[in-house]
Amino acid sequence: MADIRKLEDVVSLCKRRGFIFQSSDIYGGLASCYDYGPLGAELKRNVKEQWWKQMVQMRDDMVGIDCSILMHPMIWKASGHVDKFADLVADCKACKTRTRLDHLQNAPGKEDADINDTSAKVCPKCGKIGNFTEPMEFKLMFETQMGANVDDSMTVYLRPETAQGIFANYRNVLDSSRMAVPFGIGQIGKSFRNEVTTKAFIFRTREFEQMEIEFFCKPGTDEKWYEHWKQLRMQWYLDLGINKDHLRFRDHASDELAHYAKACVDVEYLFPFGQGDWQELEGVANRTNYDLRQHQRGMRSVTRWIENDRDVIKTPLVDENDKWDKGPLAYFDQPNNEKYIPYVIEPSAGADRGTLAFLVDAYDEDEVNGEVRNVLRFHPKLAPVKAAVFPLVKKEGMPEKATAIYDDLKGHFNCSYDLKGAIGRRYRRQDEAGTPFCIVVDGQTNEDNTVTVRDRDSMEQVRVNADQVKSYLRDKLDL
RNA sequence: GCGGGUGUAGCUCAGUGGUAGAGCAUCACGUUGCCAACGUGAGGGUCGUGGGUUCGAAUCUCAUCACCCGCUCCA
């Protein structure tokens, strides 16, 4: 990094090289929506693949799922999103400041006024009393209609987090996978939130992709697992090449914690917004047993929901059962013959934020023979293209030989082939895409069947037998 | 949401009322002997979008969309 100072430079690089484009660009764009171009799609895929491989596949205590984006509306009632995500807000007519109604204070002498009585409220900005617009609903969850027949279609939500799909399937996974506490479920998928403020490129968008883990553990062991995941998740970013000086933990203060959380820490990255800005890449939270307990209430509230015209707003959850710890979502610990609702540690990472961080952190400029060289120093596992194959010149059978090597390699790695322009230019093109290796067929290839393999970072070359290029790359790329 | 700024070729930008431009990039042909070589040529523009003023608008004006910076917000 270090050489990309402004977000605009990142945006420009992303567009120029085909990493990230504005969504609906030819129509002038759609706020807060972005598309991944050819290189960006490969990069993001690799980020997700590394997460899935290391967090899910390589751990004996993890399994993965892939839930639908649309879920039963009562899931969002039970989770608290319906209430917390549908706040009433009002604008001060004098200073235009928009405030949530439940954040407004009553004026002196009107302390007993109803929470929705704006005539008694004080503007926190300008101090004017009762000078507000009519309260309006602020919907933080995306709504859509399910059912083609307008008369009996039902309002459902696009999930604002993937986590609830995991909680809703926790029972199914336990019953089908032979997993036992402590264990976790991972999921990668799109989520949607009507953020009050978007901005900052793909950092905060209304449609985004999450990589989430819900790790279920016995109450009392939760602090140990919290620490475990905290360290593990930081290490993941470091292992994939992010500069340690650009990463830090930030513990949430107790008054900052969500209502369900016992503890929460953010993994932050120093993004090049403004003058350099520490922003959250990922949050690791101790969600206690809150969600599973809430869903036990939600499960018993479905009849009530039907009786209330399938309107979640009008459907209060039934009270929690006294024997909640022996409810349907309780875990039965056979060896110890005890039942409990597990505690949950949640490492929740943003796939788009992570991709941006890897991209920005890989960017570098160095000087070669007095010229600036732009290079993306991606970790080989993340590099969109693993190797490029060139004939040194377009004659003496070099293109044919190079094509044969390329055709063999592309079945194993994402590769590219280029015979246009001078060799130095082709190297630079690949440097700017972050390709770790370039393979060149030259005059000597006809004599001894060797090719040169040029390293992106050192620019040094070694001669490798053409038949061994595949294993050479596999070894160097650690794939 | 508030305030400020920006929007012209894929990218960086010049053009401030009178024929739409440059560098880089892209493509074609030739050349080539390892680090953004060279030559010749080519393509590429709703000047963010829509209205208004004007004989004439990239330029002035109104609206709108998008992005950036600073606040605010971020269950």
Side-chain angles (χ1 to χ4, degrees), chain A residues 6-18 21-34 37 76 79-87 89-92 94-100 102-103 124-126 133 136 138 140-141 160-161 193-201 203-204 206 256-261 266 272-275 277 279-280 283 285 366-375 390-396 398 419-432 438-445 451-456 458-461 463:
Chain A
K6 293 191 198 120
L7 185 54
E8 279 165 293
D9 297 336
V10 181
V11 175
S12 169
L13 170 78
C14 286
K15 182 163 190 187
R16 190 170 70 243
R17 294 301 318 198
F21 307 124
Q22 171 118 50
S23 167
S24 314
D25 199 15
I26 61 171
Y27 282 85
L30 179 64
S32 137
C33 295
Y34 292 89
W76 307 111
S79 70
H81 289 82
V82 167
D83 300 322
K84 294 288 178 185
F85 266 46
D87 298 309
V89 296
D91 292 345
C92 172
C95 69
K96 311 289 186 198
T97 298
R98 176 167 292 179
T99 317
R100 274 167 58 171
D102 60 343
H103 286 181
K125 183 90 174 276
C126 68
T133 59
M136 50 196 157
F138 204 69
L140 294 171
M141 280 198 291
E161 63 175 24
R193 298 180 193 176
N194 268 318
E195 299 285 356
V196 177
T197 317
T198 53
K199 306 196 175 178
F201 199 36
F203 179 78
R204 182 177 291 115
R206 296 196 169 109
E256 187 186 358
L257 291 173
H259 57 285
Y260 51 75
D266 288 343
F273 309 152
Q275 298 302 308
D277 200 359
Q279 291 285 352
E280 174 190 359
D366 61 10
E367 196 176 307
V368 180
N369 299 330
E371 297 278 344
V372 173
R373 181 175 77 120
N374 292 332
V375 53
F390 314 144
L392 183 59
V393 289
K394 280 188 272 188
K395 58 185 183 186
E396 294 171 23
M398 293 182 206
L419 50 54
K420 292 184 176 124
I423 191 73
R425 179 184 299 271
R426 284 178 272 167
Y427 283 143
R428 292 297 201 275
R429 280 188 195 123
Q430 295 302 324
D431 290 340
E432 217 182 353
C438 292
I439 294 144
V440 175
V441 171
D442 59 15
Q444 196 178 327
T445 308
V451 295
T452 63
V453 179
R454 178 262 197 186
D455 179 83
R456 176 194 67 201
S458 66
M459 295 191 288
E460 285 170 2
Q461 299 174 359
R463 292 206 76 89

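Chain letters run A, B, ... following the sequence lines, proteins first and then strands; every chain starts at 1. All figures in this text were calculated on a predicted structure; none of them were measured in a lab.
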Watson-Crick or G-U wobble partner of [N], both distances under 3.5 Å:
| N | result |
| --- | --- |
| B:A9 | none |
| B:U32 | none |
| B:C2 | B:G70 |
| B:U49 | B:A63 |

### Query
Distance only, no hydrogens: is a donor on one side chain within 3.5 Å (strictly under) of an acceptor on the other, for A:T445 and A:D442?
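Yes.
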#### Entry: Full working for side-chain contact (heavy atoms from CB on, under 4.5 Å) between A:E8 and A:V11
CA-CA 5 Å; A:E8 279 165 293; A:V11 175; 5.5 Å; no
### Task
Could you tell me which non-hydrogen atom of A:P160 sits nearest to which non-hydrogen atom of A:R193, and how far apart they are?
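Closest heavy-atom pair between A:P160 and A:R193: O-NE, 2.8 Å.
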### Query
Any idea which heavy atoms bring A:V441 and A:M398 closest together, and the distance?
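Looks like O-SD, 3.6 Å.
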Under 4.0 Å between any heavy atoms, over every strand shown, what does [X] touch: base, sugar-phosphate, or nothing? Just pick one.
| X | value |
| --- | --- |
| A:I26 | base |
| A:S32 | sugar-phosphate |
| A:F21 | nothing |

### Query
For RNA chain B, whose closest nucleotide is more 5', that of A:Y27 or that of A:R204?
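Comparing both residues, the 5'-ward one is A:Y27.
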Set of residues satisfying side chain to side chain contact (heavy atoms under 4.5 Å, CB included) with respect to [X], sequence neighbours excluded:
| X | result |
| --- | --- |
| A:V440 | A:F390, A:L392, A:I423, A:Y427, A:T452 |
| A:S79 | A:W76, A:H81, A:Q164 |
| A:R204 | A:E195, A:R353 |

### Query
So do A:Q430 and A:R456 actually touch side chain to side chain, heavy atoms under 4.5 Å?
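When only atoms from C-beta onward are counted, A:Q430 and A:R456 do not touch, as no gap falls below 4.5 Å.
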### Task
Between protein and nucleotides 5-12 of chain B, map the contacts as a letter string: B base, S sugar-phosphate only, - none, heavy atoms under 4.0 Å, written 5' to 3'.
-----SSS
### Query
When every nucleotide of nucleotides 24-42 of chain B is labelled 5' to 3' by its protein contacts under 4.0 Å (heavy atoms), B for base, S for sugar-phosphate only, - for none, what sequence of letters results?
-SSSS---BBBBBB-----
### Message
Can you list everything that forms a ring-ring contact (aromatic ring centres under 6.0 Å, His included) with A:F203? Sequence neighbours excluded, please.
### Response
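So A:F203 forms a ring-ring contact (aromatic ring centres under 6.0 Å, His included) with A:F271, A:F273.
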### Message
Given B:C68, B:A66, B:C74, identify the nucleotide with an atom nearest to the side chain of A:Q22.
### Response
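Nearest to the side-chain atoms of A:Q22, counting from C-beta on, is B:A66.
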### Message
Distance check needed: B:C67 P versus A:L30 CG, whole Å only.
### Response
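Going from CG in A:L30 over to P in B:C67 covers 8 Å.
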